Amino acid sequence: MPELPEVETVKRDLIQYLPGQCIDVVRILDARVIRGIPPKKFAEELKGKTFKDISRRGKAIICKLDDGQHLIVQLMMTGQLVHAASLSKSPLKETKVIFELSNGSYLNYNDQRLFGRLSLIQKLEDFKHFAILGPEPFDASFNPKFIKESLKRRSVAVKSALMDHTFVAGIGNIYASEILFRSRINPRRRANRLKSDEIKCMHKMTLEVLDEAIRYRGSSMRNYRDGQGQKGQFNQRIKVYAREHEPCVCCHKPIIKIVQGGRSTFFCKNCQH
DNA sequence: AGGTCGACCTGGCAGC
DNA sequence: TGCTGCCAGGTCGACC
């Protein structure tokens, strides 16, 4: 799914279109994406509400409504939140929910695999997922000291730790591999065995990779699209993810792929120690 | 408590 | 052409 850079890109797109728009109609084409509330009630509750603000926490998009409620969208693996000026004549097969807005435009929720979820909650504190989420990478609280302290008790591979959202929010499979490549750290290293200078470097590279990915509007492996339905441009800057057998940009030895915690990891054995 | 694994879903693609 | 098996960006809950 979209990881932090992709979700941040979608958020920045939608913030240009949604605030001030009233939801006239909610059309639910597949009710399985609606969570924690009966779909009919979901549609009724949202009808007539106006978007006040759009924000992001981890990989979730938060739409604040004028009545104080929050529409939370988790895109998961294949979700897309796309704004469209007009309704497509033949709606995509993946379109699961259509929000008709007061200015005649539309917000479509598309999702091929139906892992994504739309929730409607009163208070953000009530949302269970946020309660367990670690700090935002760009937050000052996410710093080398915090990382060192958090990883002290974790014997898992550092790649798995980076992807653990209770440790730090927003990092998924693509960016975990990219961050470790730039940090020259072997993804198999145990998290609690990293030296202080390696932690400092990993922290710096986390911010560098995520910031660069946001500037390039994210990566599109298969399904990701931004708020306007366009692909991200970070793909050509990806150094290791999904590049098995390709030469490493530094030493030209082949990139290798391993499986950690059931997920693919890509790295250079020669450059990452 | 931390770690591991399967379940949740659909569709694209490689191999036969 | 058509089948089978494998793979995919995330999260959660059950279990050890």
Side-chain angles (χ1 to χ4, degrees), chain A residues 1-11 29-36 56-61 72-82 92-97 109-119 127-134 137 149-180 187-193 209-210 213-214 216-226 230-235 237-238 240-245 257-266:
Chain A
M1 121 161 207
E3 304 180 28
L4 186 151
E6 291 76 28
V7 179
E8 178 65 22
T9 300
V10 171
K11 183 208 89 180
L29 309 181
D30 193 322
R32 286 176 289 181
V33 297
I34 312 296
R35 303 300 172 108
R56 177 191 61 75
R57 174 81 173 99
K59 298 167 191 163
I61 291 171
I72 298 182
V73 182
Q74 291 173 278
L75 303 171
M76 301 292 244
M77 302 282 246
T78 52
Q80 305 170 347
L81 210 45
V82 180
L92 297 169
K93 195 161 87 180
E94 310 87 75
T95 300
K96 307 302 179 191
V97 181
Y109 178 72
N110 306 332
D111 197 344
Q112 181 198 89
R113 286 172 77 184
L114 292 168
F115 283 177
R117 30 183 93 160
L118 309 190
S119 314
F127 198 57
K128 241 168 110 185
H129 175 67
F130 290 157
I132 60 162
L133 220 48
E149 196 56 35
S150 304
L151 296 185
K152 226 163 62 179
R153 291 169 305 276
R154 294 181 193 243
S155 57
V156 283
V158 59
K159 155 73 161 27
S160 301
L162 271 181
M163 286 182 65
D164 180 350
H165 57 211
T166 66
F167 162 55
V168 58
I171 298 172
N173 210 26
I174 296 177
Y175 296 107
S177 280
E178 294 302 310
I179 288 164
L180 290 173
R188 285 195 271 226
R189 291 271 301 282
R190 287 177 182 271
N192 55 5
R193 299 278 179 84
V209 167
L210 295 178
I214 292 169
Y216 282 84
R217 304 184 57 78
S219 317
S220 291
M221 301 312 296
R222 295 175 182 221
N223 296 277
Y224 166 71
R225 295 294 182 274
D226 64 24
Q230 304 298 309
K231 292 187 177 190
Q233 299 303 311
F234 191 71
N235 289 51
R237 308 190 75 81
I238 286 178
V240 288
Y241 183 82
R243 295 202 184 280
E244 189 186 14
H245 306 314
K257 172 181 159 176
I258 59 172
V259 175
Q260 296 180 290
R263 317 294 301 276
S264 298
T265 300
F266 300 85

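All figures in this text were calculated on a predicted structure; none of them were measured in a lab. Reminder, nothing fancy here: chain letters follow the sequence lines and each chain counts from 1.
The distance between atom OH of Tyr175(A) and atom P of dG10(C), rounded to the nearest whole Å, is 11 Å.
Formation of a donor-acceptor pair under 3.5 Å by the Asn235(A) side chain with backbone atoms of Ser220(A) is found in this model. A side-chain donor-acceptor contact under 3.5 Å links Arg243(A) to the backbone of Ile238(A).
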Going 5' to 3' through nucleotides 2-11 of chain B and flagging B where a protein heavy-atom sits under 4.0 Å of the base, S where only the sugar-phosphate is that close, and - otherwise, we get SSS---BBBB
Its dot-bracket string being built from Watson-Crick and G-U pairs below 3.5 Å, with | for another strand and [ ] for crossing, DNA chain B has the pattern .|||||||.|||||||
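Remark: the Asn173(A) side chain and the Lys159(A) side chain contain an N/O donor-acceptor pair separated by less than 3.5 Å.
Taking the side chain as every heavy atom from C-beta outward, Arg57(A) and His129(A) never approach each other to under 4.5 Å. By the 4.5 Å heavy-atom criterion applied to side chains, Ile214(A) and Phe234(A) are not counted as neighbours.
Residues Ile171(A) and Glu3(A) share a closest heavy-atom pair of C-OE1, 3.8 Å.
Spacing of P atoms, dG13(C) relative to dC9(B), comes out at 15 Å, to the nearest Å.
A residue-by-residue look at Lys257(A) and Ile132(A) shows that Lys257(A) has its nearest nucleotide of DNA chain C further toward the 5' end.
Of the side-chain N and O atoms in Thr78(A), none sit less than 4.0 angstrom from OP1 or OP2 of dA8(C).
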